[in-house]
Amino acid sequence: MITKNPHPLERLVSRKKLFQGQALRCLLWSAGGSIVLCLMLVFGWLLASVLVDDGQLELTAAEFNQLQAIASPYEIPVDPEVSDSVELADRGILPAVWRARTCVCGKVLAAAHGRIEALQRNSSAVTFLAVMIGLSGALCAMMYSRGRTCAMREAVGITTAQRRAVHRQTLRLAPSALPDHRNGELRTLFSSDMDQLQEGLYYWTLRWAREPVKLLLLAVLAIATGPIVAGSVMLLLLGSWLLIAWQKQQGRALRALGKSRAEEKLRLLAESLNTTRLVRGYGKEMEAFEDEQFQQHLAQLSQETTQWMRQDWVQRWGLSMLAAFVGGVVLMFVGNQILNPARAFSLPSAILLILAIGCMHVPLRNLWNLPRDVADGARVSARIENYLARTPHVGQAVGAKFLQPMAKSLIFDNVVFEGSDHELLLNGCSFQVKAGTQVAVVSMDPWEARTVAHLLPRFIEPKSGQILIDGEDVAWVTLDSLRAEAIMVSARDPFFTGTVLENIRCGDTHYSLQDVTDAAKLTHAHNFILKLPLGYETVIGEHGEQLDPGQVFRLGLARAILRDPALLIIEEPEESMDEGAKSLLDDAYSRIRPGRTIIYLPHRMATLRRADEIIVLHKGQVAAMGNHAALVKSSSIYAHWEYSNFNTFRHEVEAKT
């Protein structure tokens, strides 16, 4: 039954789901293992009965007649017309059959004794029962192992589904809605956090599927040995166990509190190590004062440490005494029941009772510690739920129009954008770009220029203002048509592990190999691709061939040019390139320019000089516009930016420092 506020893991694997799929298989295998465990204990009880009773049974005539009703006469070839008592010897498990005559399992034991000859004599019964104990132990271990495997499969399946959901959600959310530091958090959530979730789900599924059934079967077995004795012992032990478990939990909390207090005093002592210059500089009075403070804190540290260690010792001693006392009471009670001739409670039954109750300790402990063992998984589950509950910052408007290729102009009209830390990256930014021109956007804060680039394909949404392409507000056009005509190429764009052909096509088989090679030739990527081991079929990425920054960037250009966008946004690589790579890149720019508008986020002086116009952003607004030669003379902000990024002497000084 699900509570109003279910556990985070229960929302993934509810109690109802334990009866479905791999969780159901885990439940069935675990239940089978628990049944076999109980059978193994019964075999142990029968073996103990044979060893203790030696197969001997002394009955009155009335009892013997009752025994004949349970066991067939041909199994006991004794003349009943002799005396008031009958003595039977070397009868295997027959004494246990007689004692269990009133139990539910009595008829089963009698039938087994009658049909299995090995159980009718002591020596063969010992051998048979020992073999059965071994086989049932192996079968129990196998079934529990299969149950654990099913629980792990259930956990892996759910974790895989969660990874898939996180991946879909990441694609739904705006790409730049996650700053760089949060990308690291997302990777952690997708990898190591998911491993913690998988472990938590494994324990959650396994223990809820196995432990309650195991507890129930062991309790039934214990009660079958003698309801009054078993009930009394279990109530006493359960109450003691709960008290001890609660006290241990409180003890852990007290130890943690004591250690934190001791660590606080230790930090105060460590501060004195940093004051030596100050102490020596102010003479003996300061030294005496500091030594007094040190001695005081040291005494407090010793007192705090001694106090929590004493509390820990007292608690452990008290729990040990309680456990010993309860154990003694249980042994005394069970022993009196064995010695009481008026009660049919034998030593083998006592052994079975103690073994059954002893086996109940592990499932009780596992269920008690379950919240602590799955705490990490629960926290991860809550974080995943929060992440999946986020709504995309960018959505397609109802009735959005199809955007035609840009033919006239691009206009930023008083655009305001606020970053994730509530910092205004754009604050009333306005400018116009004519179609077919090359424009560079620069800013002292690199995120301001990147914000402009990410706003164009609507990876992020402005807080206010409009972005118009040929008079159409991009907020009211379809995302597919916008992103088909405004493609961003960044040196930061990663490549997935796959062939060169797959990385350029991006799954769109509409483009032929000839189309791909034409795009690669246009961006000067074709020649180095052919030099790869398998050409366009070479696997690249994290688990394939590694490319240098210039090659990666030209492949990104080829991927964009293959789709022939009217507006191309290019963020150049920050890494330095050799002269040959620079020349190839400059020629690639010249080849891809005709028929399209290009917006650069430049990191090369050649690109600045190539641009028809440079837009200088400062504090979220346009501070200046013009070509490179004019801005160096007219804009102090641009001159400072140009010096900061391209002055050779400055870089030499920074390298030395």
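Not a single salt bridge (Lys or Arg N to Asp or Glu O under 4.0 Å) links D90 to another residue, sequence neighbours left out. For the side chain to side chain contact (heavy atoms under 4.5 Å, CB included) test, residues two or more places apart in sequence or in another chain that qualify with A89 are Q56. By the side-chain hydrogen bond (donor to acceptor under 3.5 Å, both in side chains) test, T149 is found to be paired with no residue, residues two or more places apart in sequence or in another chain being considered. Applying the side chain to side chain contact (heavy atoms under 4.5 Å, CB included) test to D508 and every residue at least two apart in sequence or in another chain returns H510, Y511, R563. E385 meets the side-chain hydrogen bond (donor to acceptor under 3.5 Å, both in side chains) test with R11; sequence neighbours excluded. Remark: R153 engages no residue in a salt bridge (Lys or Arg N to Asp or Glu O under 4.0 Å) (not counting sequence neighbours). Residues satisfying the salt bridge (Lys or Arg N to Asp or Glu O under 4.0 Å) criterion with R379, sequence neighbours excluded, are D376. Listed by chain and residue number, nothing satisfies the side-chain hydrogen bond (donor to acceptor under 3.5 Å, both in side chains) test with D493 (two or more places apart in sequence, or in another chain). Judged as a side chain to side chain contact (heavy atoms under 4.5 Å, CB included), and not counting sequence neighbours, the contacts of A48 are P348, I351. The salt bridge (Lys or Arg N to Asp or Glu O under 4.0 Å) test applied to R383 returns D193, not counting sequence neighbours.
Remark: the backbone N or O of Y387 is paired with a side-chain donor or acceptor of Q169 at under 3.5 angstrom. Listed for the S124 side chain is no donor-acceptor partner under 3.5 Å among the backbone atoms of Q120. When atom types are taken as modelled, the side chain of R483 and the backbone of P457 share a donor-acceptor pair closer than 3.5 angstrom. Of the possible polar contacts, none joining the S49 side chain to the W45 backbone as a donor-acceptor pair under 3.5 Å is found. Of the possible donor and acceptor atoms, none in the side chain of T499 sits under 3.5 Å from a partner among the backbone N and O of E537. A distance-only check finds no donor-acceptor pair linking the side chain of N503 to the backbone of I540 [under 3.5 Å]. For D54 (side chain) and V50 (main-chain N/O), no donor-acceptor pair under 3.5 Å exists by modelled atom type.
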Using a 3.5 Å cut-off and no angle test, enumerate the donor-acceptor pairs between side-chain atoms of residues 132-140 and protein atoms at least two apart in sequence or in another chain.
{"unit_1": "S136", "atom_1": "OG", "unit_2": "M132", "atom_2": "O", "d": "2.7"}
{"unit_1": "S136", "atom_1": "OG", "unit_2": "I133", "atom_2": "O", "d": "3.0"}

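With a 6.0 Å radius and a threshold of 12 heavy atoms from other residues, nucleotides or ligands, H361 has its NE2 atom above the threshold.
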Run the side-chain contact (heavy atoms from CB on, under 4.5 Å) check on R148 and M152 step by step: do they pass?
CA-CA 6 Å; R148 287 191 294 270; M152 180 56 71; over 6 Å; no

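Residue pairs meeting the salt bridge (charged side-chain N to carboxylate O under 4.0 Å, His left out) criterion with at least one partner in residues 195-213, sequence neighbours excluded, are R163-D195, R207-D373.
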